[in-house]
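Data first, discussion second: the structure below is written as structure tokens.
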Amino acid sequence: MRYSRFFIPTLRDDPADAEVISHKLLLRAGFIRRVTSGVYDYLPIGLRVLRKIEAIVREEMNRAGAQELLMPMVQPCELWEKSERMEKYGPELLRFRDRHNHESCLGPTHEEVICDLVSRELRSYKQLPMNLYQIQAKFRDEIRPRFGLMRGREFVMKDAYSFHADDACLRREYQLMFDTYTTIFNRFGLTFRAVEADTGSIGGSDSHEFHVLAESGEDLIAHCSGCDYAANVEKAVSVRDVPASAADAEEASEISTPDVTSAEDVAAFLKVDTALLVKTLVYHLHGGENNGAIVAACVRGDDQLQEIKLAHAAAADSVELASEEEVRSVGGVSGFVGPQGLSCPVYVDESLRDASGLVAGANKADAHVTGLSMQCDVADAVYADVRETREGDACTRCSAAIELSRGIEIGQVFALGKRYTEPMEVMFQDQQGKRAVATMGCYGIGVSRLMAAVVEQCNDEAGIHWPVSLAPFQVALISMGQSETVLAASESIYHELSDAGIEVLWDERKERPGVKFKDAELMGLPMQIVVGDRSLERGVIEYGERGGERIEAEPAMVAAAVIASLQQAGSSH
RNA sequence: CGGGGCAUAGCGCAGCCUGGUAGCGCAUCUGGUUUGGGACCAGAGGGUCGGGUGUUCGAAUCACCCUGCCCCGACCA
């Protein structure tokens, strides 16, 4: 490809609205442009990278026996009614009506469509198992799209769906997909970690997420320093240190705490350990059997409540902090809410089960209760794990310390069971001749997000440092000046490499050398070949890895040497 | 949804407080000199100052409304 004819609009300055490094570099180097909030154009070099990511994913999925198909982006809402997700999925599902006033939506995921398809065609257990996947644009109307490709509204995803006659078969496929994902992410040269995960709005039983470890990650991952336990903090369990309570036998008594509301302030005011405070939060439930109900949840003063765990404990889809009126409606007083005497269910974290000598809000203005014992003083508490794991907690498996890291979720595997196949009636005739419901798994990879995740891990001062397998071109062929000899020598090498199947971006622009080097390094091409009058006079051409020393070689030898270096660099991942 | 910030040439920004002919750097175009790590000289083009309403003799600037973008946001009951 000749640079002068190729569309690569690079930017010298960082765009003002980009925050994370991948967003800045992908914009600056001319890979993407924003169209509207959370929606991007993939420019020619961006698309080249996206296609390479897709190709690797496709190759490994095919190797694992999955079959590619393509489903529509527009879906009829009836399917979502049938799976009972129309309500549950919420405003992230973009809905609209077509000209016939037919309710439709843009697919954020495809469980409904695939189940609809498979339910029509599946007859016998002999057709199972099967794993169908697609690589396609999805749309989720995110509350807050951000960080460029990291959290877009429209994004490219590989989604696979497997169907099985029994759970043992599903478990085997789950493991196969888990292993396939590990292979795929290794091929990208990523530092990543598989962690236990909540199943979120997809549902099902088992799930693992794959995270690229990066400071800019939006997820928090808890992992054990002693064993291989790792989980998203939405799900992670751990054992916390429980402080000795000073006064075990103390009677509960009320104490005046005018204008002292926060856990830290109350602890300081009463000169007690913050961990002996009970933080009581009031929530409004969304979805589930108790949709709309108000509940309270208690954690220790130095802990944080994990809302997703609370939603599970309360059998809700999600929870939202209650308004002041709602707090009052269950007998609470904002700023002084406590677990005693509330007219709603109270979920109490396990770490408080046997605790006493606690301090909690008194449900009266300007008052707290001291000497509180959960067992004696809070009758109807429902105990559950609702606290968020903290750094330094003990691992429930090996007691070593838990550490926290930030991660970018790039893939997730789910054992769905019959969550969709039952309502969608994905049935078949089993070996005994009876009608049975298929069991199902689903497996996603964020293809466009991967592009950003790779850049987060592979960048330096000069720009992006793509692994050879993903670079938009493997070689930047830089012609210094416009002399006939330079252009002829360049063209000859260009053809030699192209014929060998190497992708070369030949920079024959009338630009100064510095500009060409900067652009090649910004867009991250792994190898450079430099053809200049000065070196040609000495009978040599230079080549080298991006950012490394350049080596001189006879023109006839350069192509072979570059191919050898590329193979070496490519195999190191 | 709540809070904060921003919106002026393709990009990055100044000007606004204190109203009076719209500026700078980069990029672009022309000519010339250059040419081994984002050159230099000379010239040129490019703006509904996000949109609307109002105040005023006069608005990029003041007021109000709207839109878009960016950042932060469970709470500490």
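Chain A is the first sequence line, chain B the second, and so forth, proteins listed ahead of strands; every chain is numbered from 1. Every value quoted in this text rests on a predicted model; they were computed, and no experiment measured them.
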Integer angstrom distance from the P of B:G25 to that of B:G68: 35 Å
Of the listed nucleotides B:G37, B:A74, B:C69, the one nearest the side chain of A:Tyr283: B:A74
Parallel, tilted or perpendicular: rings of A:Phe6 and A:Phe473 (30°, 60°): perpendicular
Separation between the P atoms of B:A39 and B:G52, rounded to whole Å: 41 Å
What are the atom names and distances for every N/O pair under 3.5 Å that joins the protein to nucleotides 30-34 of chain B?
unit_1, atom_1, unit_2, atom_2, d
B:U34, O2, A:Arg512, NH1, 2.9

hbond_proxy A:Glu542 side chain to B:G36 base (donor-acceptor, 3.5 Å cutoff): yes
Sugar-phosphate, base or nothing in reach of A:Arg328, heavy atoms under 4.0 Å: nothing
Exceeds 12 heavy-atom contacts within 6.0 angstrom, atom CG of A:Leu47: yes
Pairing of A:Arg240 and A:Asp303 as salt bridge, 4.0 angstrom limit: yes
Who pairs with B:G25 - Watson-Crick or G-U, where each distance is under 3.5 Å: B:C11
Interface with RNA chain B, restricted to residues 139-152 of chain A and to heavy atoms under 4.0 Å: A:Ile143, A:Arg144, A:Arg146, A:Phe147
C1'-based separation of B:U67 from B:G31 [nearest Å]: 45 Å
Nearest-neighbour nucleotide for the A:Leu305 side chain, B:C71, B:A74, B:G36 considered: B:A74
base_contact_polar (B:A74 base, A:Gln304 side chain, donor-acceptor, <3.5 Å): yes
Exceeds 12 heavy-atom contacts within 6.0 angstrom, atom CD of A:Glu254: yes
Watson-Crick/G-U partner (both atom distances under 3.5 Å) of B:G20: B:C57
Ion pair A:Glu234/A:Lys309, N-O distance below 4.0 Å: no
Proximal nucleotide (of B:C71, B:C76, B:A74) relative to the A:Glu19 side chain: B:C71
Rounded distance in Å between the P positions of B:A27 and B:G12: 15 Å
C1'-based separation of B:C49 from B:G23 [nearest Å]: 12 Å
Rounded P spacing from B:A7 to B:A63 in Å: 14 Å
Do any N or O atoms of the protein come closer than 3.5 Å to N or O atoms of nucleotides 10-13 of chain B, and which pairs are they?
unit_1, atom_1, unit_2, atom_2, d
B:G12, OP1, A:Ala16, N, 3.0

Assigned partner base of B:G68, Watson-Crick or wobble definition, under 3.5 Å: B:C6
Salt bridge (charged side-chain N to carboxylate O under 4.0 Å, His left out) between A:Glu142 and A:Arg151, intermediate numbers included: CA-CA 8 Å; A:Glu142 296 279 350; A:Arg151 178 171 296 280; 3.1 Å; yes
Span that lies between the P atom of B:C64 and that of B:U18, in whole angstrom: 15 Å
Donor/acceptor link under 3.5 angstrom from A:Thr36 side chain onto base of B:G68: no
Electrostatic pair A:Glu545-A:Arg550, nearest N-O below 4.0 angstrom: no
Cationic N near anionic O, under 4.0 Å, A:Glu552 to A:Arg538: yes
A:Asp198/A:Lys235 ion pair, N-O < 4.0 Å: no
A:Ser37 side chain, from C-beta outward: closest of B:C70, B:A74, B:G38: B:C70
Output field: ring centroids A:Trp80/A:Tyr89 closer than 6.0 Å: yes
Integer angstrom distance from the C1' of B:U56 to that of B:C71: 37 Å
N-O pairing of A:Asp507 and A:Arg509 below 4.0 Å: yes
Nucleotide B:C76, atom C1' - distance to CG of A:Asp259 in whole Å: 16 Å
